[in-house]
Novice: 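Supplied in C-alpha cells, the structure appears directly below.
Order of the sequence lines fixes the chain letters, A, B, ..., with proteins taken first and strands second; residue numbering starts at 1 for each chain.
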Protein chains: 2
Amino acid sequence: MLELRHLRTLIALDETGSISLAAQRVHLTQSALSHQIRALQEYYQLPIIQRSGHVVRLTDAGKRLVKLAEKVLGEVQSTERDLAKISQQAAGNLRIVLECHTCFDWLMPIMDNFRQHWPEVELDLVSGFHSDPVALLRQGAADVVIGSENKPQQGIVHFPLFRFEILAVLAPGHALGSKKVLEADDFTQDVLITYPVPEERIDLIRQVLMPAGVSWQRRTTELTVAILQLVASRRGIAALPGWGIKNYLDYEYVIARRIGAEGLWSDLYLSVREQDASLRYLQDFLKTIDQVCFARLDGIRPLSVQGSRKKLKEKRKK
Amino acid sequence: MLELRHLRTLIALDETGSISLAAQRVHLTQSALSHQIRALQEYYQLPIIQRSGHVVRLTDAGKRLVKLAEKVLGEVQSTERDLAKISQQAAGNLRIVLECHTCFDWLMPIMDNFRQHWPEVELDLVSGFHSDPVALLRQGAADVVIGSENKPQQGIVHFPLFRFEILAVLAPGHALGSKKVLEADDFTQDVLITYPVPEERIDLIRQVLMPAGVSWQRRTTELTVAILQLVASRRGIAALPGWGIKNYLDYEYVIARRIGAEGLWSDLYLSVREQDASLRYLQDFLKTIDQVCFARLDGIRPLSVQGSRKKLKEKRKK
DNA sequence: TAAAATCGTGAATAATTTTCATATATGCTT
DNA sequence: AAGCATATATGAAAATTATTCACGATTTTA
C-alpha cells in the first residue's frame, strides 16, 4: 500500500535520476530504494521507472506519482507549520551566523521563503567575522551557525547539511587550464583571490597550501562576483564551491579545475543550541534548506552517506 | 514520522468519534489505533484527541490533520484513477445485480459519482429478479452482485461491504410500539409489507418467522417510500434496514423496533468473478462504496470485525 | 579491456507495527 | 450504590515489514 515514504523516495528519484543518488538523499541504501520501487510497481502492476543502460527515467506512471508526491508533501509541510502555530511554537528568533561566504547565494532565497511561512520568527543575519562562531550560540548572541564545525560539543547539536567540492577557478585560456587537476605548487605563481577572512578559514590554504609548505600571495574582496571578475580579468585565481560558479562556467566566463586527485571537499553543518534543536520552525528551516539546496545546487552530496538508521540508533544510546 | 496510514486512521476517527469503531473501519484493533495516536502525539508533541469520559474528540491539531488527510487521500485516489488510465485498465463493463432492494438508496449516488470518474466503464443495473444472482456472473450476464451471498465458490470472490440491522417499522402509536423488542409472534396480527421478491429472500421471513413456525400475511410493493407510506397509514408493518428509514424516523413518520433480543442483522457482500477482482475500477468502486456508506449510512458496521491481518494470512495459504 | 559504478535480488537482520493480555476508567442498569 | 458492560491505555510478545548485506550481472568509463 502506498505510503508517504514512497512519495519521498520518488521525489528524490525524480531529482537525481539515479537510484543510488536518490538513496543518499533519503538516507537509505540503494538496495532499500530498489526494493521500494519494486514493491510499488508490483502494487500498481505498472512500471514506474524505465531503464536505458544505467540511466533511470520515470515512466508516465512514475511522473504521475511524482506529481502526487509534490502536492502531498507540500500539504504535509504546510500542515506541520500550522501545527507549530497551534502549539505556539511559531514565534522566536533565528539569528544566523554564516561561516561560508558563498552560501549567501542559496541562503537568501531560503530566508525570503522562510519569512513568508513564519512571520512571527525574527530572522536575522549576524554580520562580522567571528573566530569561534559556535561560541556565539553559547553567549546567546546568535541562534544558528552555518559552517564546517561538527565536533561534538556539550549543549550543541550539529545537523549535517551537505558536502560540496571546492574548485580552482581560472580565466579561460589560463596556462594551468591545460592540467586536469591542480596541485599546491600551481597556486604559487598567481595571486590568490579570497574573501577577507583569516587564512585558517580558507579551505584551500588550510588543507592544501599550508600542508604542502608552499607560499602564496593573497588579495581579498567581499563579493563572489568581484572575485570572479578579478579571475576573469586575469588578476589571479580563486577557489570556490562548484555550485557557486556553475553559471559562470556555463557562460565560459571562467573555467574550473579540480584541486588534488581526490578533489578538495568541504562539509557544511547547521549548529544550534541543544534546547533549540526540536523547535518546529528550526526543523522547517532545515527541511527547506535540504529541499532547496539539493534541488538547485549542482554537485552537492548528502552528508552521512549510508543509511542513517545505524546512526540514529547510536545517537539514542548516548 | 507521518505516514498515510495515520491519515487513514484519523479520518476514521473523525467520522466515528471512537477509537474502537475507527479501528473496525480500518480493520485494525483498538490497541493498534491507540498506539498510533500516541505515536502521533509524541511525534508532534501535541495532543491530537481530547477525551471527556468515553467520548473522543479531536483537538484543533487533530482537526488540522484530518483536513490534511481528506485532501491527501483524495489526491491519492485521484492519482490511482489516473494510473488505471495509463495502464489501460480504465475501460470495461460493470453490470450490477442488486439483491437488496433498499440498497438503491445509497447505490444511486455512488453510481453517479463513479460515472464521472470512469467515463469509459459501462455502468448498468441488471433488472429483474434472479434466484441465483451469482450464477449470472458465471454466465457473463452480470459483472457484480451486491447481496448477502458469501459462501466460497470456485472462481468467485466476495468482498465484504458491511453489516446492518433490520428493524421492524410501525406506524406511530401502534400497539406494538409499547414493546422494546418484537418477536416472531408479533408479526402475525398485521399485514407484512415487503418488496415483491420470493419469501426466502426476505430476511425477516427466512430467519425469524419460518423458524418460529408462525403464519403471516404479506402484501408487496416496489418502492421503499411506498412501503413506508403503507406502514404510516396503518395498513401493515414492515422490516427494513435501519439506515433506510433514518429520515422517516427523525420526522416521526414511522417508528422502529428491534427484532429479537439480539436484533436481526444482515451482511452485505460484493461478489465478482475472480479474474475481475483486481480491476482498478472495481477496486475504486469498492473503495467508494466503503467511504460513502460508512460516512452516510447510520448504524452500519464493518464486516470481519477484528484486525484483518490474520485473515489475509489465511487467504494466502490457500 | 580492465576497473569502477550502478542496479537487482535473495537472505539475513533490524525496525516497526500490530496483537494479546491486562489494567483502569466510564457509563449504564437495576 | 454496586455490578456489569463498554471503552481506552499500556507493556510485552508476536507478526509483519523495511532495510541492509552480500553478491552477481550489466554498463559506463578511462
Side-chain angles (χ1 to χ4, degrees), chain A residues 1-9 12-13 16-43 47-58 180-181 258 261-262 301 304-317, chain B residues 1-9 12-13 16-43 47-58 180 261-262 301 304-317:
Chain A
M1 186 152 257
L2 187 69
E3 287 293 354
L4 292 182
R5 170 166 27 94
H6 300 120
L7 300 183
R8 297 187 243 265
T9 292
L13 193 60
T16 61
S18 140
I19 296 189
S20 23
L21 289 182
Q24 292 181 16
R25 286 268 182 102
V26 295
H27 301 297
L28 290 171
T29 59
Q30 168 267 320
S31 179
L33 255 65
S34 207
H35 283 295
Q36 271 193 16
I37 293 163
R38 206 160 81 106
L40 270 186
Q41 304 197 126
E42 207 152 297
Y43 179 66
I48 305 290
I49 58 173
Q50 201 174 19
R51 168 174 321 295
S52 49
H54 274 169
V55 185
V56 172
R57 281 193 328 168
L58 290 161
K180 268 228 131 151
V181 169
R258 168 158 286 191
E262 303 297 310
R301 301 190 186 179
S304 64
V305 175
Q306 275 300 67
S308 64
R309 286 187 149 196
K310 273 185 190 166
K311 274 149 207 166
L312 280 173
K313 197 181 162 189
E314 282 160 25
K315 230 178 195 170
R316 266 181 224 138
K317 278 182 188 166
Chain B
M1 186 152 258
L2 187 69
E3 287 293 353
L4 291 182
R5 170 166 25 94
H6 300 119
L7 299 184
R8 296 187 243 267
T9 292
L13 194 60
T16 61
S18 140
I19 296 188
S20 22
L21 290 182
Q24 292 181 16
R25 285 271 181 98
V26 295
H27 301 295
L28 290 172
T29 58
Q30 167 267 318
S31 179
L33 256 66
S34 207
H35 283 295
Q36 271 194 16
I37 294 164
R38 206 159 80 105
L40 270 187
Q41 305 196 127
E42 208 152 296
Y43 179 66
I48 305 290
I49 58 174
Q50 200 175 18
R51 170 175 319 298
S52 50
H54 273 169
V55 186
V56 172
R57 282 192 328 168
L58 290 161
K180 266 222 129 153
E262 303 297 310
R301 302 189 187 177
S304 64
V305 175
Q306 275 302 67
S308 63
R309 287 186 147 197
K310 272 186 192 168
K311 273 147 208 166
L312 280 174
K313 196 181 161 189
E314 282 160 24
K315 228 177 197 169
R316 266 181 224 140
K317 279 182 188 167

Novice: Measure across Val26(B) and Thr9(B) and return the closest heavy-atom pair with its distance rounded to 0.1 Å.
Specialist: CG1-CA, 4.3 Å
Novice: Any ion pair linking Glu3(A) and Arg8(A) (charged N to carboxylate O, less than 4.0 Å)?
Specialist: no
Novice: What is the nucleic acid contact for Ser31(A), judged by heavy atoms within less than 4.0 Å: base, sugar-phosphate only, or nothing?
Specialist: base
Novice: Indicate the atoms forming the closest heavy-atom contact of Leu2(B) with Leu4(A), along with that distance.
Specialist: O-CD1, 3.4 Å
Novice: Could you tell me the separation between the CD atom of Gln30(B) and the P atom of dT18(C), rounded to a whole number of Å?
Specialist: 13 Å
Novice: Report which part of the nucleic acid Ser20(A) touches: base, sugar-phosphate, or nothing (heavy-atom distance under 4.0 Å, all strands).
Specialist: sugar-phosphate
Novice: Side chain of Arg38(B), heavy atoms from C-beta onward: which of dT9(C), dG27(C), dG11(D) has the nearest atom to it?
Specialist: dG11(D)
Novice: The helix from dT1(C)-dA30(D) to dT30(C)-dA1(D): angle between its terminal axes, five pairs each, to 10°?
Specialist: 30°
Novice: Arg5(B) CZ to dT17(D) P: how many Å, rounded?
Specialist: 11 Å
Novice: Tell me the interatomic distance from Leu2(B), atom CG, to dT17(C), atom P, rounded to whole angstroms.
Specialist: 11 Å
Novice: His35(B) has a side chain; which of dA25(C), dG11(D), dG8(C) sits nearest to it?
Specialist: dG11(D)
Novice: Assess the residue pair Gln24(B) and Leu21(B) against the criterion (side-chain contact (heavy atoms from CB on, under 4.5 Å)); give the C-alpha distance rounded to whole Å, side-chain angles, the decisive distance to 0.1 Å, and a yes or no.
Specialist: CA-CA 5 Å; Gln24(B) 292 181 16; Leu21(B) 290 182; 4.3 Å; yes
Novice: Expressed in angstrom and rounded to an integer, what is the separation of Leu40(B) atom CG from dT18(C) atom P?
Specialist: 11 Å
Novice: Between atom CG in Leu28(A) and atom P in dC21(D), what is the gap in whole Å?
Specialist: 12 Å
Novice: Might you confirm whether atom CZ of Arg5(B) has over 12 heavy atoms from other residues, nucleotides or ligands at distances under 6.0 Å?
Specialist: yes
Novice: So, does the side chain of Gln36(A) form a donor-acceptor pair with the base of dA18(D) at under 3.5 Å?
Specialist: no
Novice: Between atom NE2 in His6(B) and atom P in dT18(C), what is the gap in whole Å?
Specialist: 7 Å
Novice: OP1 or OP2 of dA9(D) versus the side-chain N and O atoms of Arg51(B): is any pair under 4.0 Å?
Specialist: yes
Novice: Within the structure, does a side-chain N or O atom of Ser34(B) lie under 4.0 Å from either OP1 or OP2 of dT8(D)?
Specialist: no
Novice: Rounded to whole Å, how long is the line connecting atom CG of Leu33(A) with atom P of dT9(C)?
Specialist: 14 Å
Novice: Looking at every non-hydrogen atom in both residues, tell me the closest pair between Gln36(A) and Leu28(A) and how far apart they are.
Specialist: NE2-CD1, 4.0 Å
Novice: What is the distance, rounded to the nearest whole Å, between atom CD of Gln24(A) and atom P of dT19(D)?
Specialist: 16 Å
Novice: Please report the closest heavy-atom contact between Ile19(B) and Arg51(B), naming both atoms and the distance.
Specialist: CD1-NH2, 4.1 Å
